[in-house]
Amino acid sequence: MGSNNEQNQTRQISSAQAELYAGYEQGTADKLVEIATKFIHSKPVRILDIGGASGYFANLLADTLDGECQIIVVDNMEYDNWKNAKKGVRFVKASIFDVISTFEDNSFDIVFANLVFHHLINETYSSTLAGYASLLEQIKRIIKPDGVLSVYECYYGGFICRNHFAPVVYKLTTSSFPPFTKLAKCFGSKSAGVGVCFLPPPKWEKMYNRIGFRIADKTIVSDRMLKHKLINERFFRYELRKGE
């Protein structure tokens, strides 16, 4: 596992990319609220939203809960919409790696990580994976015994090496070498030059199991070949509980 210093070297996306991803957030918010309410059996409820962007989802959820909640949104970019926080919502501008250790053990009912893990990019592929593992360990520490971690992620794999494309995508998108950046953009990468690290479901599941999470539910949201027929796109959601 990488050092704390290594894990804190997470690359930051540009403001233009941040606004783009905030738009994605709005497109999934209704479904995420539906998922969240399924997990909530009593109120008030305490929720951590990692990489919550503009807070659209957090505000919508707070409205649904009539403010009987504490929702902490952590993102390393600040959004104009933060000034419109609903009752029960608090925004924190910081790297999740810098603040998660400050939360008490067994203190959250739900932790959300919606399309955020693949943006937590470090200076090497191995240190990126070490950062993922370290963050998951901390999440397991802060969720309550009956709490839940909800992860929504995506993966772009090659047609031939469907589950072994992650290091290639990482290298291609993190490089500042102009031909690589141009190639990444041709394949639709919005993070060319900054980087993404998409892991296939089997690799995520191995990591979850190693850290001590139990997969309570797994949903394949979509699975399709993109129009150039070279890249497979998969979106998937996990409901994770502390292992028994």
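If you read the sequence from its start, that first residue is 1, and numbering goes on from there. The figures here come from the full heavy-atom set of this structure, side chains too, leaving out hydrogens, waters and symmetry mates.
Within the model, atoms CG of Leu115 and OG1 of Thr28 stand 6.5 Å from one another, a figure rounded to the nearest 0.5 Å. To the nearest 0.5 Å, atom CE of residue Met77 and atom NZ of residue Lys93 are 7.5 Å apart. Rounding to the nearest 0.5 angstrom, the gap separating the CD1 atom in Ile47 from the CD1 atom in Ile143 is 13.0 Å. Taken from OG in Ser134 to CG in Leu120, the straight-line distance is 11.0 Å, to the nearest 0.5 Å. Atom CG in Asp223 sits 9.0 Å away from atom CD in Glu233 (nearest 0.5 Å). We find the CD1-CD distance between Ile121 and Glu123 to be 10.0 Å, quoted to the nearest 0.5 Å.
Residues His119 and Val196 are in side-chain contact: their nearest non-hydrogen atoms beyond the backbone lie under 4.5 Å apart. Side-chain contact between Val73 and Phe57 is absent, with no heavy atoms from C-beta onward closer than 4.5 Å. Two residues are said to be in side-chain contact when any heavy atoms from C-beta on lie closer than 4.5 Å; Ile139 and Ile50 meet this criterion. Side-chain contact between Asn106 and Lys242 is present, with at least one heavy-atom pair separated by less than 4.5 Å.
Within the 3.5 Å criterion, the main-chain N or O of Ser107 finds a donor-acceptor partner in the side chain of Arg46. When atom types are taken as modelled, the side chain of Ser101 and the backbone of Phe97 share no donor-acceptor pair closer than 3.5 angstrom.
In summary, of the residues considered (Leu240, Leu149, Ile211), a side chain to side chain contact (heavy atoms under 4.5 Å, CB included) with Lys140 occurs for Ile211 alone.
Taking every heavy atom of both residues into account, Met207 and Leu129 meet most closely at CE-O, 4.2 Å. Minimum heavy-atom separation, Ala94 to Val99: CB-CG1, 3.5 Å. Across all non-hydrogen atoms, the minimal contact from Thr102 to Asp98 is CG2-O, 4.5 Å. Nearest approach of Asn81 to Ser54, heavy atoms of both residues: ND2-O, 3.1 Å. A pairwise comparison of heavy atoms in Ile71 and Ala58 identifies CD1-O, 3.6 Å as the closest pair. Closest approach of Ala36 and Leu61 over heavy atoms only: CB-CD1, 3.8 Å.
Among pairs with a residue in residues 142-152, those fulfilling side-chain hydrogen bond (donor to acceptor under 3.5 Å, both in side chains) read Asp109-Lys144, at least two apart in sequence or across chains. The salt bridge (Lys or Arg N to Asp or Glu O under 4.0 Å) analysis of residues 47-62, with sequence neighbours excluded, yields no pairs. Listed by first and then second residue, the salt bridge (Lys or Arg N to Asp or Glu O under 4.0 Å) pairs that reach into residues 59-68 are Lys43-Glu68, Asp63-Lys86, sequence neighbours excluded.
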Open item on the list: I'd like to know whether Ile40 forms a side-chain contact (heavy atoms from CB on, under 4.5 Å) with Leu65, so could you lay out the CA-CA distance, the side-chain angles of the two residues, the decisive distance to 0.1 Å, and finally the verdict.
Closed with: CA-CA 10 Å; Ile40 297 169; Leu65 298 174; 3.7 Å; yes
- [ ] Just do the side-chain contact (heavy atoms from CB on, under 4.5 Å) check on Tyr208 and Val151 with the steps written out, would you?
- [x] CA-CA 11 Å; Tyr208 297 149; Val151 178; 3.6 Å; yes
- [ ] Begin from the C-alpha positions of Phe213 and Tyr238 and carry the test ring pair (Phe, Tyr, Trp, His ring centres under 6.0 Å) through to its verdict.
- [x] CA-CA 11 Å; Phe213 278 108; Tyr238 288 100; over 10 Å; no
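Taking the charged nitrogens against the carboxylate oxygens, Arg241 and Glu239 do have a contact shorter than 4.0 Å, which makes a salt bridge.
In this structure, the ring pair (Phe, Tyr, Trp, His ring centres under 6.0 Å) partners of Phe91, at least two apart in sequence or on a different chain, are Trp82. Residues satisfying the ring pair (Phe, Tyr, Trp, His ring centres under 6.0 Å) test with Phe108, not counting sequence neighbours, are Phe103. In this structure Tyr132 satisfies the ring pair (Phe, Tyr, Trp, His ring centres under 6.0 Å) test together with Phe117, Trp204, sequence neighbours excluded.
Within 6.0 Å of NZ on Lys206 lie no more than 12 heavy atoms contributed by other residues, nucleotides or ligands.
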